[in-house]
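Okay, structure first, notes after.
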Amino acid sequence: MNVLFFGPNGSGKGTQGAILKDKYNIPHIESGAIFRENIKGGTELGSKAKEFIDKGDLVPDEITIPMILDRLQQDDCKKGWLLDGFPRNKIQAEKLDESLQQAGIALDIVAEIILDRNIAKNRIMGRRLCTNDNNHPNNIFIDAIKPDGDKCRVCGGELTTRADDQDEEAINKRHSIYYDAETGTLASAYYFKSLAEKEGKIKYITLDGAPGVKEVTEELVSKL
Ligand code: AMP
């Protein structure tokens, strides 16, 4: 199963993605996490991406598009994948569509989590990252995934915050990119929505991101 996952930053997309990854045993490919790993590892890609990420800007397409298309070619993606954080603008959507068609890979599901911008903003500021595993969601403002004291609720590991999660200006910028339905991330979601309506091969589903983690998962799994 090949899935594209959309939702504003802070909508719980990463949390739901981690659940789907385990349920369907497919890799959860997060563009933002790939950048963060590269920054942590001190790679050239990481140093190029960092200045954009810290400000809440998109990393340029010349860097991001080949990075993701390359990741989708890896062996573990043969059994399916869940792509999260890409595409983020209309150009990325068109390139992804084109390269999937060229490779003869079908996109099965496009899921969009719908959430009010202010709620999403609060959730971002409460987010904590587990230093052991990026797929261990913790958030001080969400009861279902509240950390265990100051430690990861899943493994007891150390928690950190992302610099771009504590900077209100950077959050506003990221959200303006997401909610832009002309050229931004919603435009890229709607690109696939119109393909789904035209061709009927892709299933486009929407989810209400406001309820708790468990309820959103139930809605997601029931619609897949
Ligand atoms: P995220 O973890 O999805 O919030 O991504 C963190 C940051 O990585 C974003 O604010 C961007 O700077 C960068 N990034 C992630 N995905 C993309 C993408 N598809 N295109 C450009 N930049 C991206």
Side-chain angles (χ1 to χ4, degrees), residues 3-18 20-21 27-41 43 45-72 81-100 107 110-113 115 117 120-131 133-139 160-180 183-192 209:
V3 185
L4 280 190
F5 215 173
F6 290 98
N9 319 76
S11 63
K13 188 166 42 82
T15 307
Q16 297 301 331
L20 284 188
K21 167 187 182 254
H28 178 199
I29 301 168
E30 276 187 84
S31 46
I34 299 177
F35 285 130
R36 282 187 290 280
E37 278 157 24
N38 276 277
I39 293 171
K40 209 168 146 190
T43 68
L45 175 78
S47 71
K48 278 189 196 153
K50 190 174 184 313
E51 56 173 311
F52 299 98
I53 294 178
D54 284 348
K55 285 187 284 187
D57 290 326
L58 287 187
V59 177
D61 285 346
E62 308 87 82
I63 300 175
T64 310
I65 294 173
M67 177 184 90
I68 293 297
L69 297 183
D70 192 58
R71 176 68 188 84
L72 290 175
W81 38 260
L82 169 66
L83 193 49
D84 170 351
F86 186 97
R88 231 157 160 128
N89 60 32
K90 212 167 162 205
I91 292 168
Q92 293 183 2
E94 287 164 358
K95 287 279 174 207
L96 177 66
D97 182 28
E98 188 187 299
S99 70
L100 290 179
L107 180 61
V110 179
E112 179 197 347
I113 300 187
L115 189 66
R117 188 166 170 163
K121 185 168 166 177
N122 284 337
R123 287 194 186 168
I124 290 183
M125 300 192 92
R127 186 150 70 179
R128 298 294 178 266
L129 292 191
C130 172
T131 48
D133 191 331
N134 177 51
N135 274 310
H136 287 174
N138 289 268
N139 193 306
T160 58
T161 54
R162 283 168 46 175
D164 59 344
D165 276 358
Q166 304 303 309
D167 175 344
E168 209 167 334
E169 205 184 317
I171 294 171
N172 286 338
K173 235 193 236 175
R174 280 151 72 201
H175 277 156
S176 295
I177 295 168
Y178 182 83
Y179 289 99
D180 174 355
T183 59
T185 309
L186 276 183
S188 70
Y190 296 160
Y191 175 90
F192 287 101

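Being a predicted model, the structure only gives us computed values, none of them experimental. Order of listing sets the numbers, starting from 1, for every ligand and every atom in it.
Inter-residue side-chain proximity for Asn172 and Lys121 is flagged as met; some heavy-atom pair is nearer than 4.5 Å.
For Thr64, every heavy-atom contact with ligand 1 shorter than 4.0 Å involves the side chain, none the backbone. Residue-level proximity to ligand 1 for Glu30 is absent, since no heavy atom of it falls below 4.0 angstrom. Both the backbone and the side chain of Leu58 come within 4.0 Å of ligand 1, judged by heavy-atom distances.
From the protein, the heavy atom lying nearest to atom 22 (N) of ligand 1 is Val59 N, 3.0 Å. For atom 15 (C) of ligand 1, the closest heavy atom belonging to the protein is Arg88 NH1, 3.3 Å. At the top of the distance list for atom 6 (C) of ligand 1, counting protein heavy atoms only, stands Arg162 NH2, 3.4 Å. For atom 2 (O) of ligand 1, the nearest non-hydrogen atom of the protein is Arg36 NH1, 2.9 Å. The single protein non-hydrogen atom nearest to atom 14 (N) of ligand 1 is Phe35 CE1, 3.6 Å, given as residue, atom name and distance. Looking at atom 12 (O) of ligand 1, its nearest protein heavy atom turns out to be Asp57 O, 2.6 Å.
Here the shortest heavy-atom distance to atom 16 (N) of ligand 1, taken over Pro87, Ser31, Pro8, belongs to Ser31.
Residue contacts with ligand 1 do not include Lys55, since none of its heavy atoms lies under 4.0 Å from the ligand.
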